[in-house]
Amino acid sequence: MKKVLLTSVFILFIAFSFAQGYESTKYGIRAGVNISNLDFDPSPVNRNLHRNGFYFGGFAEFSLSETTWLSTELLWSAEGAKDENWRANYLNLPIQLKFKLGEHFTLGAGPQIGVKTWKSADAFDTFRFSGVGGIEYKFLEDYFIDVRAGYDFKNLLDENLSPLEATQFTIQVGIGIKI
């Protein structure tokens, strides 16, 4: 996990150095709803229902060219499954490379690191690593709506629950403003 964190910090420093050559750096806020669910292996006896939650946070976009940006965010997100025992809240740091697809659309993808902000003693590991990708539609000068999906690359559960493992799939729909 330390390697992933150090790699992410290194990417941020590179992004800041590239961003200095272009005049366009934007900041903003975004919020929306989550639909998340856990994929268990092996399947638990109980039904596994999705959790509807919400997220909010801020972001910074650094222009690498006229059509490419590096976006970093810090988001609080309510995720997991519907059952109270399988819920977890995270402070997520997605880092996306975004490409302009036209006048109003932007496509982005990249890694995401998360830190659990829930109970100290539950079934979840403290850190998570996932991939995130989505599309953004700019409907006014600085306002946008977006849809994105994320999927975890590793088991989210504590090693004590072995052989039970779980990964998470999350869909986010939100709105934001660039300042």
Inset, instruction - Could you please spell out the steps behind the side chain to side chain donor-acceptor pair (under 3.5 Å) verdict for Q96 and S71? - result: CA-CA 5 Å; Q96 293 187 67; S71 174; 5.4 Å; no
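Enclosure of atom NZ in K178 by more than 12 non-hydrogen atoms of other residues, nucleotides or ligands within 6.0 angstrom is indicated.
A salt bridge between D125 and K116 is absent, with no side-chain N of the basic residue lying under 4.0 Å from a carboxylate O of the acidic one. Remark: E79 engages R128 in a salt bridge, criterion side-chain N to carboxylate O under 4.0 Å. Between E73 and R148 there is a salt bridge, with a side-chain nitrogen of the basic residue lying less than 4.0 Å from a carboxylate oxygen of the acidic one. Ion pairing between a basic and an acidic side chain is recognised when a charged N comes within 4.0 Å of a carboxylate O; E136 and K98 show such pairing.
Taking both residues in full, the closest heavy atoms of P111 and V132 are given as O-CG1, 4.3 Å, listed atom of the first, atom of the second, then distance. Minimum interatomic distance between R51 and N89 (heavy atoms only, all atoms of both residues): NH1-OD1, 3.4 Å.
We find the CZ-OH distance between F105 and Y137 to be 6.0 Å, quoted to the nearest 0.5 Å. Annotation: the span from R30 atom CZ to F56 atom CZ amounts to 12.5 Å, rounded to 0.5 Å.
Relative orientation of the W76 and F54 rings is tilted, given thresholds of 30° and 60° on the angle between their planes.
Here the two rings, on F62 and W69, have centers that are 6.0 Å apart or farther.
Within the 4.5 Å cutoff, side-chain heavy atoms of D142 are placed close to those of K26.
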